[in-house]
A.B. asks: 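A single structure is presented below for examination.
As the structure is a prediction and not an experimental result, all values here were calculated from the model.
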Amino acid sequence: MKFELNIARRYLFAKKSHHAINIISGISAFGVAIATMALVCILSVFNGFHDKVAELFTSFDPQLKVEPVEGKYMDCQAPELQALRQSTDVAVLTEVVEDHALLSANSQQIMVTVKGVDDTYTQQIDFDRIRKGDGDFTLESMGLLDYGVMGYQLMRQLGLDTEDTRPVQVFAPKKGEKINPNSPEESFHQDSLFLPHVAFEVRQNKYDANYVITSIGFARRLFERDGFVTDLELKLHEGVDVDAAQQRIQSQLGPSYRVLNRYEQQEDSFRIMQVEKLISYIFLTFVLVVACFNIIGSLSMLIIDKREDVRTLRNLGANEKQISRIFMIEGCMISIAGAIVGIAFGLLLCYLQQTYGLISFGNGDENFIINAYPVSVHALDIVLIFFTVAVVSFISVWYPVRHFSKRFTK
């Protein structure tokens, strides 16, 4: 193999009798470099969006969430759930009752998700990161008034603002009752929530336009679920490995419960992003295949140019397999050189985008979460790209090199 590598390297860098061969080889390497650079940049942008979305969800979703496999509610007094409070992994455990209700204010009616939480909820999330307004995160006042912290977009849809003192009416169907057309109001529980002069804004429509956070007592009363919860939100002690803790808690609870990390809680959103990234990778790989086929033209001309050298190598004892391998190695060297250059320039562009935000959203006047395309370079993606170039280049030149070397070097 060392013999073939030395000859291939000499052919690659030595001056050819036809200058066009050098030009075509350069164009081939340039095409591979462009396709490789595109792969690095596009996959890194998808990683950037993935990380940005994960960061936004982190403001609202717990580290781990326990929910029942069957049904919607679970008995919070169940021994296995109570045992979680003694777990050495768990720093904060929050009981949650979450269900759908109808909100009415200013002649507007909107279906929302009411999320009732206990007093430990403020230890679960950093509310200051999503705060909108100057009020305090208050869910009840001395057992007399119930407060609801709304998503900012939902508040605007209801024609309210953080300074409103008017109560919001909340309706939920009574358990096990059918709606009476003659007197539909009798089939619903009705209660009121006041605004604590504050809202939250996660900048995700799923939450900002649909969620109301209130006390768990209010939610249990509204939905007639005293003693039950829909899920438990867990915050782990600092330094605890989330994946390992998830496995331990799942093993402790058994098959009747699901323990979900933040990515699993938003599985649909992240799956869509992964599918988009995969499709982009496949399409750009096809572009890379086309670029690698340009190498065939360069190699075929090189084989013709080195016909006399090949005869000399045969006379010196080289066989057909070794001669084919020389040109095969040269084709791979051209593509790998293009890959290295493409990866280098791709990483440079990613650095410039991260540092200076070269490509921004619109003219900068729009109200976007971020001003420029986010970029996050993952080492595994770089390894995958280099491996892809190596495999595609080998496949694209293998048969043509064998065919041309036999045909033109006899």
A.B. asks: The test is salt bridge (charged side-chain N to carboxylate O under 4.0 Å, His left out); show your working for E163 and K132 and say whether it passes.
C.D. replies: CA-CA 11 Å; E163 300 303 320; K132 200 78 172 176; over 6 Å; no

A.B. asks: Return a table of donor-acceptor pairs under 3.5 angstrom between the side chains of residues 334-352 and protein atoms on other chains or two or more places apart.
C.D. replies:
{"unit_1": "S335", "atom_1": "OG", "unit_2": "G331", "atom_2": "O", "d": "3.4"}
{"unit_1": "S335", "atom_1": "OG", "unit_2": "C332", "atom_2": "O", "d": "2.9"}
{"unit_1": "S335", "atom_1": "OG", "unit_2": "S393", "atom_2": "OG", "d": "3.0"}

A.B. asks: If you look only at distance, which donor and acceptor atoms sit under 3.5 Å apart when one is on a side chain in residues 147-155 and the other is two or more places apart or in another chain?
C.D. replies:
{"unit_1": "Y152", "atom_1": "OH", "unit_2": "R156", "atom_2": "NH1", "d": "3.2"}
{"unit_1": "Q153", "atom_1": "NE2", "unit_2": "N205", "atom_2": "OD1", "d": "2.9"}

A.B. asks: For the pair Y211 and F60, name the ring-plane relationship: parallel under 30°, tilted 30 to 60°, perpendicular over 60°.
C.D. replies: perpendicular

A.B. asks: Search all heavy atoms of H50 against all heavy atoms of Q274 and return the closest pair with its distance.
C.D. replies: CD2-NE2, 3.7 Å

A.B. asks: Looking at D191 and R221, does any basic side-chain N land under 4.0 Å from a carboxylate oxygen?
C.D. replies: yes

A.B. asks: Tell me, please, which residues at least two apart from I42 pass side chain to side chain contact (heavy atoms under 4.5 Å, CB included).
C.D. replies: F46, S280, L284

A.B. asks: Strictly by ring-ring contact (aromatic ring centres under 6.0 Å, His included), give each pair with a member in residues 220-254 just once, sequence neighbours left out.
C.D. replies: none

A.B. asks: For residues Q252 and L84, report the shortest heavy-atom separation together with the two atoms involved.
C.D. replies: NE2-N, 4.0 Å

A.B. asks: Nearest 0.5 Å please: distance from the CD atom of Q265 over to the CD atom of E67.
C.D. replies: 8.0 Å

A.B. asks: Can you measure from CD1 (I216) to CG (D226) and round to the nearest 0.5 angstrom?
C.D. replies: 9.5 Å

A.B. asks: Working to the nearest 0.5 angstrom, can you tell me the gap between D381 CG and Y281 OH?
C.D. replies: 9.5 Å

A.B. asks: How about K277 and N47: does a side-chain donor come under 3.5 Å of a side-chain acceptor?
C.D. replies: yes

A.B. asks: With distance as the sole criterion, is a donor-acceptor pair present between the side chains of Q124 and Q63 under 3.5 Å?
C.D. replies: no

A.B. asks: Without hydrogens or angle criteria, can the side chains of D136 and T138 be said to hold a donor-acceptor pair below 3.5 Å?
C.D. replies: no

A.B. asks: Which class fits the ring pair F127 and F137: parallel under 30°, tilted 30 to 60°, perpendicular over 60°?
C.D. replies: tilted

A.B. asks: P167: which residues meet the side chain to side chain contact (heavy atoms under 4.5 Å, CB included) condition with it, sequence neighbours left out?
C.D. replies: Q169, S192, F194

A.B. asks: Are the side chain of S251 and the backbone of Q247 linked by a donor-acceptor contact shorter than 3.5 Å?
C.D. replies: no

A.B. asks: Of the non-hydrogen atoms in T162 and A199, which two are nearest, and what is the gap between them?
C.D. replies: CG2-N, 4.1 Å

A.B. asks: Would you say V45 and V375 make side-chain contact, with heavy atoms under 4.5 Å?
C.D. replies: yes

A.B. asks: Side chain of Q123, backbone of L93: donor and acceptor closer than 3.5 Å?
C.D. replies: no

A.B. asks: Are I110 and Q157 close enough that some pair of their side-chain heavy atoms sits under 4.5 Å apart?
C.D. replies: yes

A.B. asks: Compare every heavy atom of R262 with every heavy atom of P62, then report the nearest pair and how far apart it is.
C.D. replies: O-CG, 3.0 Å

A.B. asks: Do K72 and D99 sit within salt-bridge range, that is, some charged N less than 4.0 Å from a carboxylate O?
C.D. replies: yes

A.B. asks: Quick one: do the N210 and T113 side chains pair a donor with an acceptor below 3.5 Å?
C.D. replies: no

A.B. asks: For L43 and I385, run side-chain contact (heavy atoms from CB on, under 4.5 Å): C-alpha distance rounded to whole Å, both residues' side-chain angles, the deciding distance at 0.1 Å, then the answer.
C.D. replies: CA-CA 10 Å; L43 296 189; I385 290 168; 4.1 Å; yes

A.B. asks: Walk me through it: do S256 and V69 pass the test side-chain contact (heavy atoms from CB on, under 4.5 Å)?
C.D. replies: CA-CA 5 Å; S256 298; V69 172; 5.6 Å; no

A.B. asks: Are E233 and K65 ion-paired here, with the side-chain N under 4.0 Å from a carboxylate O?
C.D. replies: no

A.B. asks: Would you check if Y207 and D61 make a side-chain contact, meaning some heavy-atom pair closer than 4.5 Å?
C.D. replies: yes

A.B. asks: Taking all non-hydrogen atoms of both residues into account, name the closest pair between C76 and Q82 and its distance.
C.D. replies: O-NE2, 2.6 Å

A.B. asks: Is it true that a side-chain atom of R225 and a backbone atom of A219 form a donor plus acceptor pair closer than 3.5 Å?
C.D. replies: no

A.B. asks: Taking the side chain as every heavy atom from C-beta outward, state whether L384 and I382 have any pair of such atoms under 4.5 Å apart.
C.D. replies: no

A.B. asks: Quick one: do I130 and I125 satisfy side-chain contact (heavy atoms from CB on, under 4.5 Å)? Show the steps, please.
C.D. replies: CA-CA 9 Å; I130 58 177; I125 64 170; 4.2 Å; yes

A.B. asks: I need the L253 CG to R248 CZ distance, nearest 0.5 Å.
C.D. replies: 13.0 Å

A.B. asks: Look up atom CG in D119 and atom CG in L139, then write down how far apart they are to the nearest 0.5 Å.
C.D. replies: 8.0 Å

A.B. asks: What's the spacing between D75 CG and L81 CG if we round to 0.5 Å?
C.D. replies: 7.5 Å

A.B. asks: Just by distance, do the side chain of S141 and the backbone of L144 share a donor-acceptor pair under 3.5 Å?
C.D. replies: no

A.B. asks: Could you tell me whether a side-chain N or O of R131 sits under 3.5 Å from a main-chain N or O of G135, the two making a donor and an acceptor?
C.D. replies: yes

A.B. asks: Hey, is CG on D128 packed in by over 12 heavy atoms from elsewhere, all under 6.0 Å?
C.D. replies: yes

A.B. asks: If we ignore hydrogens and angles and just use 3.5 Å, is the side chain of T230 paired with the main-chain N or O of E98 as donor and acceptor?
C.D. replies: yes

A.B. asks: I would like to know whether T165 and H197 meet side-chain contact (heavy atoms from CB on, under 4.5 Å); could you show each step before the answer?
C.D. replies: CA-CA 8 Å; T165 58; H197 304 299; 4.1 Å; yes

A.B. asks: Could you check whether any side-chain N or O of N261 sits under 3.5 Å from a backbone N or O of Y263, counting only pairs where one atom can act as donor and the other as acceptor?
C.D. replies: yes

A.B. asks: Ignoring hydrogens and geometry, is there a side-chain-to-backbone donor-acceptor pair from Q353 to Y373 under 3.5 Å?
C.D. replies: yes

A.B. asks: Going by atom types only, do E80 and Y257 share a side-chain donor-acceptor pair under 3.5 Å?
C.D. replies: yes

A.B. asks: Check this for me: I359, atom CD1, are more than 12 non-hydrogen atoms of other residues, nucleotides or ligands nearer than 6.0 Å?
C.D. replies: no

A.B. asks: Could E276 and R271 be called an ion pair, given the rule that one side-chain N must be under 4.0 Å from one carboxylate O?
C.D. replies: no

A.B. asks: Check whether any side-chain heavy atom of V198 sits under 4.5 Å from a side-chain heavy atom of D134, and report yes or no.
C.D. replies: no

A.B. asks: What is the minimum heavy-atom distance between L102 and Q109, and which atoms define it?
C.D. replies: CD1-CB, 4.0 Å

A.B. asks: Is a side-chain donor or acceptor of N106 paired with a backbone partner of G159 at a separation under 3.5 angstrom?
C.D. replies: yes

A.B. asks: Side chains of D231 and Y73: any donor to acceptor distance under 3.5 Å?
C.D. replies: no

A.B. asks: Under the side chain to side chain contact (heavy atoms under 4.5 Å, CB included) test, which residues partner V392, sequence neighbours left out?
C.D. replies: T285, L288, V289, C292, T388

